[in-house]
2 protein chains.
Amino acid sequence: MRTTIKDVARAAGVHSSTVSRVINRKPCISQETVKRVFSAIEQLNYTPNALARSLKTKKIQTLAMLIPDISNPFFAELARGVEDTANQYGYNVILCNTDDCFEKEVTYLKLLAEKRVEGLIVATAQIRDKSILELGKTGCPYILLSRNIKGLQENSISIDDIAGGYLATEYLISLGHRNIAHIAGPYNTTTALDRIKGFKKALLTYGVPFQKQYIGEGDFRITGGYQVMKQFLELENPPTAVFTANDLLAVGAIEAIRENGFDVPADISIIGFDDIKLASYFSPPLTTIRQPMVEMGSLAIVKLLERIEHNITHPNILIKPELVVRKSCRRIN
Amino acid sequence: MRTTIKDVARAAGVHSSTVSRVINRKPCISQETVKRVFSAIEQLNYTPNALARSLKTKKIQTLAMLIPDISNPFFAELARGVEDTANQYGYNVILCNTDDCFEKEVTYLKLLAEKRVEGLIVATAQIRDKSILELGKTGCPYILLSRNIKGLQENSISIDDIAGGYLATEYLISLGHRNIAHIAGPYNTTTALDRIKGFKKALLTYGVPFQKQYIGEGDFRITGGYQVMKQFLELENPPTAVFTANDLLAVGAIEAIRENGFDVPADISIIGFDDIKLASYFSPPLTTIRQPMVEMGSLAIVKLLERIEHNITHPNILIKPELVVRKSCRRIN
DNA sequence: TTGAAAGCGTTACCAC
DNA sequence: GTGGTAACGCTTTCAA
């Protein structure tokens, strides 16, 4: 059996409530007692039981983060920002990989509710995610990160996906491209839909006709980019440039292009989205739209803790995306 | 105030102990009662408090994982395996980024002990890590993953680093290289030291003299590879091939080589270690030594749970590395 | 098959 | 400044 506060009290010759006061640095305790208690703690190698404490205080200093897949570098970098900042404020964070699977999300949410985590960073929300909407009712504070739910005006932090999609497409157009395709993310995410919106908006603005066969649904992973690109390449009139909804899709697209004997950017230009750390080391170095992932993760925690500790909510925050020009796009005539 | 087991008991017209039995699926309860209790639970939207439960049962079904940096793809893939398998067994896992900083490690360990996590996956251990060794005494079960502590014969799972280093170096030698350098990991990790051992062993086996200036200490990150490679390039007689202790170091090394106007593999061959998911998409596609990261993470959880639930310990497990030939190495005369 | 009561390790309130 | 006690929400043992 582990040593408890009572063991410490006995060893120090005081009452357990006094030990508690010392541990929690409450005022009005004699120096003498403090010293005796600490030395007893040390001697007995006492570790307070946070679980028991939380039963009284209702605070366990634990958060959780729901993401589709930590092995996706975008989410890994987000996670780094989240965990670092949480830790700075004295919180731990539980990692949950949902694979964007609704059942997994529900199961996690139930478990986390039982463990009384104080807040959630949700980077997996589907477009109408009823289990997240329910969170609103149960009162567990959360921040939607990089994903939104249709109609919600509060508590989300994300890149301006429409602006990002616009920026990418505009760049391709400025390079002289007219046959521009888009490999989108899953249609059940606002992220994917908004990037499409930006894509279409740029097309419209610059008078480039939108062609239905030039858009395909990917999965935000390499394989999806590969598959959709293969389809584009079978078209009678393949695109000369493609904007992919993230960097991983770009990697898959480039692979497909090469396999068909074409070159990037000589034959087809590619622009990604995210600017994951390794984007500049791909072949060719990937032109992309940058999201400040670590900073977004960090900001999400700051806002989440403001909700938890001071009960303030925030209108949705939109981060400005940035074009990063490298070598995967080329000008055509 | 949240609804408690007593509220449910009252609503169902039974005693709270009965509700507890129903929730925990204990035998010998009438169908009738079960039904009434469940309907009360539903009606009141009751969520059991796992913290209170754990106070009695001493089980909170939570593990933690200490890694240097989740944004490093190697650890992200390890983490994916860990979290997935833990979740399968009904455990949650707390993520901790230590940056291989001893103070951070100590702080985390203390916090985690207070929260009474039941087990630890440690992928950050230094070569003589006294805080981890102390874990052994306090009795918190742990598995060392991809890192060892000098002298410990139990509870570690890692790739056979010596064999991996040997494999990589042998391959370079088989390609005709004699001026072979090594960019190592931090010298305070067994990982780095064992890969060096493998490197030297291969050199010795094939009669290639070891040259002190051909080895440099990196940090397992891109920048480290870049810096050490720069130094190699300033040598009077730069290496024609470099084995880097992980893929990220390889990426940095390639960057440095290119910056100096040389080509990989035409002028200098590079072989990495890990085979992160994106390794085949670098320029050039990286030849490397494969570690089955996801499987290792998964295995670590299986072994950890065996320790937690059945108190069985294991002798150190060594995973066999595998050479993956791609395009970053070339034969010379 | 169920109820009553004790207890898990803390904290917080009320005395003194 | 400090001690005593109740309470947090649950499980478990004992009795009925």
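Residue numbers start from 1 in every chain, and the chains themselves are labelled A, B, ... in the order their sequence lines are given, proteins ahead of strands. Since the structure is predicted, the reported quantities are computational estimates derived from the model, not experimental observations.
- For dG3(D), one of the phosphate oxygens OP1 or OP2 lies less than 4.0 angstrom from a side-chain nitrogen or oxygen of T18(A).
- Both S30(A) and S16(A) lie close to DNA chain D; mapped to their nearest nucleotides by heavy-atom distance, the more 5′-ward contact belongs to S30(A).
- Judged by atom type and distance alone, K56(A) reaches the base of dA7(D) through a side-chain donor-acceptor pair under 3.5 Å.
- Checking dT2(D), dC10(D), dG3(C) against the side-chain heavy atoms of V14(B) singles out dG3(C) as nearest.
- Residue order along DNA chain C, read from the 5' end via each residue's closest nucleotide, puts G13(B) first among G13(B) and K58(B).
- Annotation for Y187(B): atom OH counts as buried by contact number, over 12 foreign heavy atoms lying within 6.0 Å.
- Among the atoms of the strands shown, none is found under 4.0 Å from any heavy atom of S54(A).
- The number of heavy atoms from other shown groups lying within 6.0 Å of CZ (R221(B)) does not exceed 12.
- Considering only the side chain of H15(B), dA5(C) comes nearest among dT11(D), dG9(D), dA5(C).
- Comparing dT11(D), dC10(D), dG1(D) by their nearest atom to the side chain of C28(A) picks out dG1(D).
- For R116(A) and dG9(D), the CZ to C1' distance is 9 Å, given to the nearest whole Å.
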Next on the checklist: Could you go through E134(B) and K130(B), starting from their C-alpha distance and side-chain angles, then the distance that decides it, and tell me whether this counts as salt bridge (charged side-chain N to carboxylate O under 4.0 Å, His left out)?
Outcome noted: CA-CA 6 Å; E134(B) 262 175 41; K130(B) 62 172 191 283; over 6 Å; no
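- In this model, the phosphate group of dT11(C) is not approached by any side-chain N or O of T57(A) to a distance below 4.0 Å at OP1 or OP2.
- Taking only distance into account, the side chain of R21(A) meets the base of dG3(D) through a donor-acceptor pair shorter than 3.5 Å.
- In this entry the distance linking CD1 of I29(A) with P of dG1(D) reads 9 Å, nearest Å.
- Remark: C1' of dT5(D) and CD1 of I5(A) are 14 Å apart, rounded to the nearest angstrom.
- The nucleotide whose nearest atom lies closest to any side-chain atom of T4(A) is, among dG9(C), dT2(C), dT12(D), dG9(C).
- Although no hydrogens or angles enter the test, the distance criterion places a donor-acceptor pair under 3.5 Å between the side chain of R307(B) and the main chain of Y142(B).
- We find that CG of N49(A) is positioned 18 Å from P of dC8(D), with the value rounded to whole Å.
- Contacts of K26(B) with the nucleic acid, taken as non-hydrogen atoms under 4.0 Å apart, involve only primed sugar atoms and P, OP1 or OP2.
- Look at CG on L55(A): it is 9 Å from C1' on dG9(C), rounded to the nearest Å.
- Screening N97(A), D100(A), V122(A) for a side chain to side chain contact (heavy atoms under 4.5 Å, CB included) involving I67(A) leaves a single residue, N97(A).
- OP1 or OP2 of dT2(D) has not a single side-chain nitrogen or oxygen of S17(A) nearer than 4.0 Å.
- Note: NZ (K115(A)) to P (dC10(D)) measures 16 Å, nearest angstrom.
- For CZ of R80(A), the number of neighbouring non-hydrogen atoms (other residues, nucleotides, ligands) closer than 6.0 Å is greater than 12.
- Between the NZ atom of K35(B) and the P atom of dT2(C) there is a distance of 13 Å, rounded to whole Å.
- The phosphate of dT2(D) has OP1 or OP2 within less than 4.0 Å of a side-chain N or O from T33(A).
- To the nearest angstrom, C1' of dA7(D) lies 9 Å from NZ of K6(B).
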